[in-house]
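Notes follow the structure.
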Amino acid sequence: MSQFWKPGTEKPRLVDDEEGGVLFFNSPSGYANIERQRQKLPVFRYRTAILYLVETHATTIVVGETGSGKTTQIPQYLKEAGWADGGRVIACTQPRRLAVQAVAARVAEEMGVKLGEEVGYTIRFEDVTTQGVTMIKFLTDGVLLREMMDDPLLTKYSIIMVDEAHERSIATDILLGLLKKIQRRRPELRLIISSATIQAKSMSDFFQPRKSRRRPDGEDLGPNMEPAVLSVEGRGFNVQIHYVEEPVSDYLRAAVSTVLLIHDQEPMGDILVFLTGQDDIDAAVQLITEEAQNRGKNSSGLMLVPLYSGLPRAEQELVFTPTPRGKRKVVISTNIAETSITLEGVVYVVDSGFSKQRFYNPITDIENLVVAPISKASARQRTGRAGRVRPGKCYRSAPFMLILSPNKVAFPLYVSMVTTRLYTEEYFAKEMSDEGIPEIQRSNLVSCVIQLKALGIDNILGFDWPASPSSEAMVRALEVLYSLGVLDDDAKLTSPTGFQIAEFPLEPMIAKMILSSGELGCSEEIITIAAVLSIQTIWVSGRGSQKELDEAKLNFAAAEGDHVSFLNVYKGFLQSGKSPQWCHRNFVNYQAMKKVIEIRGQLRRTAQRLGVVLISCERDTVVVRKAITSGFFANACRLDASSHDGKYKTIRGSQEVYIHPSSVLFRVNPKWVLYHSLVSTDKQYMRNVISIDPSWLTEAAPHFYQHQRLNSMVR
DNA sequence: AGCTAATAA
């Protein structure tokens, strides 16, 4: 049944690209042409097999390389086979919004229907479907989870296809766990799990029924509960892999010299370099520029393009501009180019073997961002980026781990120390883990647990996860939710508070803050703050010097702290008539502010529905800070008077923390502060900080701060 | 005394 691509053979180039982002289509003239295109896709050969397996098995796992056409074709096959008859809907989930939109548009085009009718999509803020008409619906897995809050059995769907399951996002994992549960109540529901090769085994194990539930042979009791596994080959060219032979002491320099070597010795073709973050990338751009200048005209002709998520939109688009004749484009990227952005024309990949990953320590309740070795699956994915247009080459190099500056590498829970010192072939074969650690095992679980509780999953510790988080992490999440008043003594959602907080598409602490703001009379302000906190940054990055940005921020700085400063920016933006020019002058990101307005609108509607009084406190910053305290009381810190370096201690755990340099309270150091989040680098930095009065803590959470504990600290 | 891998509701 399985078909595998033979290394060294060339696969036919097709115009299909299912991976979101860049979609292009050789404007077909008419239906016959589209049909011919569809039949050329690798997945077409499996049409009958897929339909048969879906018919006879509750769960079908489709292992498909990228470019097989599975995402766009399988939903159409299902529709053609009648799975959308009788008002039923075929769902296909994606981890990313952009992919949802792109794939839906493509399928609508192939079917010759208007997007939003037979084929539609739903993402946050955009429901492009028509009830009773839409037969194939693409949506993010997060949206499908939200839908379960109204319809726990997802009764309108006949089939749910979970695409890109190998990425193992939190939402995908929760969804898989819940779908497995739903299936027991709805035997007629079919699941298709689309996954990369490496994950197929664990996926199939997860959907394996317990022995007692297996149907006896020959008896017809509905579909076979054993998952079926089908492999579909993809399209893509052979990529020759080169490993380093000798240890390199610095992956940045190794990457830089590899780029120059490729440029000197290899035929034309673009280069994609994987590094870990903005710092690395900016440094590499500079080093390559300098080196190229030193080497004279043979090394000119390089077009260097940095790529990372924080880059302004316009600069990100540079990666898509066609390479000028006689030039070679070098895209230097984070792992955004591994999954989210597809670049055409890449022939060479330089892989550092590292990426930044989040790790959560449930003991300290702190999330860290650390540089860590990637998995084999990631390495293969990166390699595959070189084979999209013609046979390519991938250069894998990695440094001595220990030579990295100490603040860049920390070994978190779950990651074992890498003893091999370089990314040799042996390292790849023997030391690299097959798969990355699922996000759910690297994260704070507060949002995840409240979502499960809201869906009526009472036994969180006993939940059947595709990959179980540590019990410490689960217990920690339960504790936090209890302290927020979301859960009662029996760990049941409280009414109405718990249910209300679960309704908000926000972290529970932010949602709590919004609920309290109604009573405190400052909900308009708090909803603005919640919207600002839910996007990455409202400031422009990259334009001008850091110093200029710091100065621009001072125009809005409030003595009370960052949250109040956000209100000043928002007010200024409104007073300017939402002017892009005003944003530009003030180093404010216009796109971000537009998003703030949009999210603010959604939160306002949700708040109103839940009975939160919408009211402004005008200039009263005390109530604003009290409302914030009601959600974030656990993040209170006190300035350590004995040291004069701005050291704070958290009240809960006596952790040593510092105010982040980006905060308006940096160097101001009020005695008592509350932070929104911690960033760990060489120190623990508090991001988004306000000053508070310690009496607000006992007011907001008397159960959490026993009086004696606080009094002894206040002195 | 000096900072933000990626994604979503």
Side-chain angles (χ1 to χ4, degrees), chain A residues 20 93-100 122-126 139-149 164 167-172 174-175 274-282 307-311 333-341 352 354-359 367-372 374 378 407-408 436 439 442-443 447-448 450-451 454 502-508 510-511 530-531 534-539 541-542 546-547 549-550 595 598-599 602-603 606 643-648 658-663 666-669 677-688:
Chain A
T93 73
Q94 296 289 320
R96 279 170 292 280
R97 298 159 49 97
L98 210 66
V100 167
T122 308
I123 57 179
R124 186 182 188 182
F125 299 128
E126 259 188 273
L139 67 176
T140 52
D141 27 30
V143 166
L144 190 59
L145 279 177
R146 285 278 153 187
E147 285 190 2
M148 290 178 75
M149 286 175 65
E164 313 285 358
E167 287 187 21
R168 304 300 297 272
S169 70
I170 291 180
T172 303
I174 300 176
L175 190 60
F274 285 103
L275 295 176
T276 63
Q278 183 177 351
D279 279 353
D280 276 2
I281 290 167
D282 292 345
L307 176 63
Y308 44 86
S309 166
L311 218 53
S333 174
T334 59
N335 48 359
I336 191 172
E338 191 182 310
T339 49
S340 306
I341 288 180
S352 68
F354 288 95
S355 68
K356 283 195 184 173
Q357 292 163 38
R358 181 174 52 203
F359 288 94
E367 283 183 330
N368 277 338
L369 195 60
V370 297
V371 173
I374 60 171
S378 281
N407 63 340
K408 289 219 159 176
E439 195 185 7
R442 300 185 279 113
S443 307
S447 300
C448 162
I450 193 174
Q451 220 163 359
E503 278 277 308
F504 276 100
L506 293 169
E507 297 161 53
I510 301 257
S534 69
I535 61 167
Q536 281 193 339
T537 175
I538 54 168
W539 304 106
S541 54
Q546 187 59 45
K547 214 173 152 190
L549 176 59
D550 286 345
K595 217 178 249 172
E598 195 176 20
I599 293 173
Q602 183 195 24
L603 298 181
T606 308
S643 71
H644 298 281
D645 59 347
K647 186 199 293 171
Y648 283 80
Y658 296 81
I659 292 180
H660 196 284
S662 66
S663 170
F666 182 59
R667 285 196 240 263
V668 176
N669 298 334
S677 61
L678 281 186
V679 197
S680 306
T681 50
D682 53 332
K683 289 175 186 158
Q684 310 285 351
Y685 286 103
M686 302 182 268
R687 276 171 93 182
N688 297 323

Starting at [atom1] of [X] and ending at [atom2] of [N], how long is that distance when rounded to a whole Å?
X: Lys595(A); N: dA8(B); atom1: NZ; atom2: P; value: 8 Å
X: Gln278(A); N: dA6(B); atom1: CD; atom2: C1'; value: 14 Å
X: Ile374(A); N: dA6(B); atom1: CD1; atom2: P; value: 15 Å
X: Glu439(A); N: dA6(B); atom1: CD; atom2: C1'; value: 8 Å
X: Ile281(A); N: dA6(B); atom1: CD1; atom2: C1'; value: 12 Å
X: Asp280(A); N: dC3(B); atom1: CG; atom2: P; value: 14 Å
X: Arg168(A); N: dT7(B); atom1: CZ; atom2: C1'; value: 16 Å
X: Gln451(A); N: dA8(B); atom1: CD; atom2: P; value: 15 Å

Say whether, by atom type as modelled, one donor and one acceptor occur between the side chain of Arg442(A) and the main chain of Arg358(A) under 3.5 angstrom.
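It does hold such a pair.
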
Tell me every residue that passes salt bridge (Lys or Arg N to Asp or Glu O under 4.0 Å) with Arg96(A), counting only those two or more places apart in sequence or in another chain.
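With sequence neighbours excluded, Arg96(A) shows a salt bridge (Lys or Arg N to Asp or Glu O under 4.0 Å) to Glu167(A), given in chain and number order.
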
Which residues share a salt bridge (Lys or Arg N to Asp or Glu O under 4.0 Å) with Glu598(A), sequence neighbours left out
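Residues passing salt bridge (Lys or Arg N to Asp or Glu O under 4.0 Å) with Glu598(A): none at all.
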
Base, sugar-phosphate, or nothing for [X], non-hydrogen atoms under 4.0 angstrom?
X: Phe125(A); answer: nothing
X: Ile170(A); answer: nothing
X: Arg667(A); answer: base
X: Thr334(A); answer: sugar-phosphate
X: Asn688(A); answer: nothing
X: Gln536(A); answer: base

Distance test, side-chain N/O of [X] to OP1/OP2 of [N], below 4.0 Å:
X: Ser169(A); N: dA8(B); answer: no
X: Ser309(A); N: dT7(B); answer: yes
X: Tyr685(A); N: dC3(B); answer: yes
X: His660(A); N: dG2(B); answer: no

Please figure out whether Arg358(A) or Phe504(A) has its closest DNA chain B nucleotide nearer the 5' end.
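That would be Arg358(A).
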
If you pin Leu506(A) and Asn335(A) to their nearest nucleotides in DNA chain B, which one's is more 5'?
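With Leu506(A) and Asn335(A) compared, the 5'-side residue is Asn335(A).
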
Do Asp141(A) and Thr93(A) pair up side chain to side chain, a donor and an acceptor below 3.5 Å, judged on atom types alone?
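Judged by distance alone, the side chains do not pair up.
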
Counting only distance, no hydrogens or angles, is the base of dA6(B) paired donor-acceptor with the side chain of Arg96(A) under 3.5 Å?
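Checked by distance alone, the answer is no.
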
Side chain Arg687(A) and base dT4(B) donor-acceptor under 3.5 Å
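Answer is yes: a donor-acceptor pair is held.
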
Name the orientation class of the two ring planes belonging to His660(A) and Tyr685(A) (parallel below 30°, tilted from 30 to 60°, perpendicular beyond 60°).
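Plane angle over 60°, so perpendicular.
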
Check step by step if side-chain hydrogen bond (donor to acceptor under 3.5 Å, both in side chains) holds for Thr172(A) and Glu164(A).
CA-CA 9 Å; Thr172(A) 303; Glu164(A) 313 285 358; over 6 Å; no

